2 protein chains.
Amino acid sequence: MTRTPLWKSIALALTADIAEDRYRTGDQLPTEAQLAAKFGVNRHTVRRALAEMAAQGLVHARRGAGVFVAARPTDYPIGRRVRFHQSVAAGGQTPAKQLLALDTRAADAREAEALALAPGDPVLVYDGLSLADGAPIALFRSAFPARRFPDLEAALTKTRSVTQALARCGVADYTRATTRVTAKLANATQAVHLRIAEGAPILRTVAVNVDATGQPVEYGRTWFAGDRVTLTVEGEGG
Amino acid sequence: MTRTPLWKSIALALTADIAEDRYRTGDQLPTEAQLAAKFGVNRHTVRRALAEMAAQGLVHARRGAGVFVAARPTDYPIGRRVRFHQSVAAGGQTPAKQLLALDTRAADAREAEALALAPGDPVLVYDGLSLADGAPIALFRSAFPARRFPDLEAALTKTRSVTQALARCGVADYTRATTRVTAKLANATQAVHLRIAEGAPILRTVAVNVDATGQPVEYGRTWFAGDRVTLTVEGEGG
DNA sequence: GGCTAATATTTGTATAGTTGTATAGGTCAT
DNA sequence: ATGACCTATACAACTATACAAATATTAGCC
């Protein structure tokens, strides 16, 4: 005589809690065991409800950690003068960057070509994570010509902003020369960082930034969580 | 939904980094904490990956120091005319020797017998470490008849090479009379020197070198890191 | 300079908690 | 009978935290 399945009513109740801001973006929900006790059902029934909500992008679970309220989609522009900080702030969210790794090594073939370096020239590689309101938006890996910017590593350690760090190294302004966008599937590592499932869709952009004289200063690859970001292309006066 | 366990993909990524020489033999990897941040997982997950790589002999951890890329297996010949320096250089690696202790004392029973000395005769004992590309390959303890070579201690201090030191003491050439090989387990001291785990397998060789007249000039015991060295037996024309 | 002691860093180990997955079975409406 | 729904149990994978043990680094002292 159960018109509505238990799991469905549980999902509705939790969805209402989120809609009424009882749980906010990034918050951890009670554990599955706690929810099961609270609703007086088996843990699997709660899981069924959470699975439905996850499929709708409302929540996301991290094994071993808990279930969290997912971030709302972010609009992200692509154009000649894109600055992550400004773009996110313009959308009313708080931007942040997390440094994952900073390493100097020999350039690989693509990096050397994009930056107009000789094979084997050193590049400074900056792996990081872009956040909006604490939610991960994008993974990125930027390569810079290490010989031209010997102080960039220190600058990036202080201010994780690429724009500010380059400014300290004498590049007052830079613009995006090329951008290519492709679709990929998240591998395990990317999925963890972006808090999405392995195999979930990802937007990958490959870009080269140049200074005022046209010299390439940054070769950047960025991976966006596909269902959390919408890339918008500005009119580019080529 | 994790097709591939996280730790496995992390181990693969790090293994690839080593294979592409981004981390070289003897290099220290980033700390577990840094790797955990870089891959966006808990430290224990990184440890699981490192444990797998350590089990394969790819890396080795030293508590309090870090995780290091293990040396690649070195081929080491056993035969009548073995010279450490030449053997390692022939393999394309850079040989070195580290002096641990140099001491003159009364010979014990085995040393006396091997060197054809009277009980209680003095022997010069040379404890050292053999390195290839900076990675420890073998621990050794060599005993020489002190009365026959009064200047050997000074010579060994200058040039840590046994061959060169003996040459200065009038032994232009020597050959290996006997070699015995056994397997042991590393004790704590050996493990520290060889940068392996306590209880790891060790190859021990016991050898007597004789001069052109057949007089024994060196009684040497050597402990090789079992998983880092392959002993190859040359055809010995007795 | 060299030695010692204190401090900080790094790996090793232990414990507890959380989500993911698999298996087995039971209830009920159609 | 069949399939959707729900319970029960167990284990694997991962997180979180804390502390111990070994090492590296630094400061101070002679």
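Everything quoted here is computed from the prediction, not taken from an experiment. Values reported hereafter were calculated over all heavy atoms of this structure, with side chains retained and with hydrogens, waters and symmetry mates removed. Here is the naming used below: chain letters follow the sequence lines, and residue numbers restart at 1 for every chain.
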Phosphate-side-chain proximity, Arg48(A) and dG20(C), N/O vs OP1/OP2 below 4.0 Å
no

Figure out the CH2/P separation between Trp7(A) and dT7(D), and round it to whole Å.
14 Å

Under 3.5 Å, is there a donor-acceptor pair between the side chain of Tyr126(A) and the main chain of Arg160(A)?
yes

Reckon Thr45(B) has a side-chain N or O less than 4.0 Å from the OP1 or OP2 of dA13(D)?
no

dC14(D), dC5(D), dG20(C): which one has an atom nearest the side-chain heavy atoms of Glu32(A)?
dG20(C)

Would you call Arg168(B) and Asp151(B) a salt bridge, taking side-chain N to carboxylate O under 4.0 Å as the test?
no

Is the base of dA14(C) touched by the side chain of His44(B) through a donor-acceptor pair closer than 3.5 angstrom?
yes

Would you tabulate the side-chain donor-acceptor contacts of residues 11-21 of chain A under 3.5 Å, counting partners in other chains and residues two or more places apart, or write 'none'?
residue	atom	partner	partner atom	Å
Thr15(A)	OG1	Ala11(A)	O	2.7

Side chain of Arg63(A) only, heavy atoms from C-beta on: which candidate in dT23(D), dT19(C), dA21(D) is closest?
dT19(C)

Report the distance from atom CG of Asn42(A) to atom P of dG25(C), rounded to the nearest whole Å.
17 Å

Distance check needed: dT19(C) P versus Leu29(A) CG, whole Å only.
9 Å

Would you mind reading off the distance between Leu50(B) atom CG and dT11(C) atom C1', rounded to a whole angstrom?
10 Å

Is Gln190(A) reaching over with its side chain to a backbone N or O of Asn187(A), donor-acceptor style, under 3.5 angstrom?
yes

NA contact type, Arg47(B), heavy-atom cut-off 4.0 Å: base, sugar-phosphate, or nothing?
base

Does any N or O donor sit under 3.5 Å from an N or O acceptor when you compare the side chain of Arg43(B) with the base of dG12(C)?
yes

Answer yes or no: does a side-chain N or O of Arg62(A) lie under 4.0 Å from OP1 or OP2 of dG20(C)?
no

